[in-house]
**Q** 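Supplied in structure tokens, the structure appears directly below.
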Amino acid sequence: MNKLETHSFEETVEAGLKLGNILKPGDVIWLSGDLGTGKTALTNGIAKALGIDAYITSPTFNLVNEYEGIMPLYHFDVYRIADPDEMFDIGFDEYLNNGGVTVIEWGEQIAEILPSDIIRVTIEKNLQKGLDVREITIEFMGSRYSDYRI
């Protein structure tokens, strides 16, 4: 488990860049955190590491945004999913097996269908330290990630 502390939007993007630099095709990242904690900022850093120049926005109403870079980035926001089975209607399993990196905001909404080998990132505000302070916990879960370190 890795723990990082960031003090600005830019530092949260940098944390995502560090994570993005170690990712390989097929990796799946589950992002958890309250609204406004920096899940999309972290995803911007991951995208930057994958050679994606676009500004990443949360796909809240689209469910998934696709970006092309060194490898594809599939960015999901499943906040509004009522039933995890809805994910299969949009070909979720195909995204997972398409040789890209999959980032899932609000992964707890679909935890039962997520792979057991996953990178779980939890972002929390620490208001005692300041309005912009984020505590980021990165857990590499499963044998696929046994050699991953930040």
**Q** Would you please say whether a donor-acceptor pair under 3.5 Å links the side chains of His75 and Glu105?
**A**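 The criterion, which ignores hydrogens and geometry beyond distance, is satisfied for Glu105 and His75.
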**Q** Has the side chain of Asn98 got a donor or acceptor atom that lies under 3.5 Å from a matching backbone atom of Glu94?
**A**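 No; zero donor-acceptor contacts below 3.5 Å.
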**Q** Test your reading of the model: is there a side-chain donor-acceptor pair from Ser146 to the backbone of Gly142, 3.5 Å cut-off?
**A**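 The answer is no, because no donor-acceptor pair under 3.5 Å joins these two groups.
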**Q** Among residues at least two apart in sequence or on other chains, which ones pass ring pair (Phe, Tyr, Trp, His ring centres under 6.0 Å) with Phe76?
**A**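 Phe76: ring pair (Phe, Tyr, Trp, His ring centres under 6.0 Å) contacts with Phe92, Tyr95.
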**Q** Answer yes or no: is there a donor N or O on one side and an acceptor on the other, between the side chain of Gln109 and the main chain of Trp106, under 3.5 Å?
**A** no
**Q** Measure the CG-OG1 distance between Asn62 and Thr57 for me, rounded to the nearest 0.5 Å.
**A**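 Going from the CG atom of Asn62 to the OG1 atom of Thr57 covers 7.5 Å.
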**Q** Say whether Ile29 and Val13 are linked into one hydrophobic cluster, either directly or through other cluster members, by side-chain heavy-atom distances under 4.5 angstrom.
**A**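 Different clusters: Ile29 never reaches Val13 through Ile, Leu, Val, Met, Phe, Trp or Tyr contacts under 4.5 Å.
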**Q** Please answer: with hydrophobic residues joined when any side-chain heavy atoms are less than 4.5 Å apart, are Met141 and Ile104 in the same cluster?
**A**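 Per the 4.5 Å side-chain linkage, Met141 and Ile104 are co-clustered.
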**Q** For Trp30 and Glu108, which I'm curious about, is there any donor-acceptor pair between the side chains at under 3.5 Å?
**A** yes
**Q** List the steps and the verdict of side-chain contact (heavy atoms from CB on, under 4.5 Å) for Ile110 and Ile81.
**A** CA-CA 8 Å; Ile110 61 167; Ile81 290 290; 4.1 Å; yes
**Q** If you measure from CD on Glu124 to OG1 on Thr137, what distance do you get to the nearest 0.5 Å?
**A** 6.0 Å
**Q** Determine, for Asp77 against Lys39, whether the closest basic-nitrogen to carboxylate-oxygen distance falls under 4.0 angstrom.
**A** no
**Q** Tell me if a side-chain donor or acceptor on Asn44 pairs with a main-chain N or O of Ile56 at a distance below 3.5 Å.
**A**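 Judged by distance alone, yes, a pair lies under 3.5 Å.
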**Q** What verdict does the side chain to side chain donor-acceptor pair (under 3.5 Å) test give for Thr12 and Thr6, after you've listed the backbone C-alpha separation in whole Å, the side-chain angles of each residue and the deciding distance to 0.1 Å?
**A** CA-CA 6 Å; Thr12 302; Thr6 64; 2.8 Å; yes
**Q** Glu11 side chain to His7 main-chain N or O, any donor-acceptor pair under 3.5 Å?
**A**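 Yes: the side chain of Glu11 pairs with the backbone of His7.
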**Q** Calculate, to the nearest 0.5 Å, the distance between atoms CG and CG belonging to Leu19 and Leu17 respectively.
**A** 9.5 Å
**Q** Quick check: closest heavy atoms across Ile70 and Ala49, and the distance to 0.1 Å?
**A** CD1-O, 3.9 Å
**Q** Indicate whether the side chain of Tyr148 and that of Asp27 have a donor and an acceptor atom separated by less than 3.5 Å.
**A** yes
**Q** For the pair Asp83 (side chain) and Asp85 (backbone), establish whether a donor and an acceptor sit closer than 3.5 Å, ignoring hydrogens and angles.
**A**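 At least one qualifying donor-acceptor pair exists.
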**Q** Working to the nearest 0.5 angstrom, can you tell me the gap between Thr102 OG1 and Leu96 CG?
**A** 5.0 Å
**Q** Give a yes or no on whether Val101 and Ile113 share a hydrophobic cluster (residues Ile, Leu, Val, Met, Phe, Trp, Tyr; joining criterion: side-chain heavy atoms under 4.5 Å apart).
**A**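 As far as the 4.5 Å side-chain criterion goes, Ile113 and Val101 are not connected within one cluster.
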**Q** Does atom CG of Leu127 have more than 12 heavy-atom neighbours from other groups under 6.0 Å away?
**A**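 Counting neighbours around CG of Leu127, more than 12 heavy atoms of other residues, nucleotides or ligands fall under 6.0 Å, so yes.
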**Q** How long is the straight-line distance from CD1 of Ile118 back to OH of Tyr145, given to the nearest 0.5 Å?
**A** 7.0 Å
**Q** Go through it in stages, so that I can follow the logic: the residues are Phe140 and Ile22, the test is side-chain contact (heavy atoms from CB on, under 4.5 Å), and I'd like the CA-CA distance, side-chain angles, deciding distance and then a yes or no.
**A** CA-CA 12 Å; Phe140 297 101; Ile22 66 168; 3.9 Å; yes
**Q** Just one of Lys125, Arg134, Lys129 clears the salt bridge (charged side-chain N to carboxylate O under 4.0 Å, His left out) bar with Glu5, so which one?
**A** Lys129
**Q** Nearest 0.5 Å, please: how far is CG in Leu73 from NZ in Lys48?
**A** 15.0 Å
**Q** Under 4.5 Å between side-chain heavy atoms, hopping through other hydrophobics if needed: is there a path connecting Tyr74 to Met87?
**A** yes
**Q** Using the rule that Ile, Leu, Val, Met, Phe, Trp and Tyr join whenever any side-chain heavy atoms are under 4.5 Å apart, tell me whether Leu42 and Tyr67 fall into a single cluster.
**A**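 In one cluster with Leu42: Tyr67, yes.
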**Q** Test Ser32 against Ile123 for side-chain contact (heavy atoms from CB on, under 4.5 Å), laying out the working first.
**A** CA-CA 6 Å; Ser32 292; Ile123 306 174; over 6 Å; no
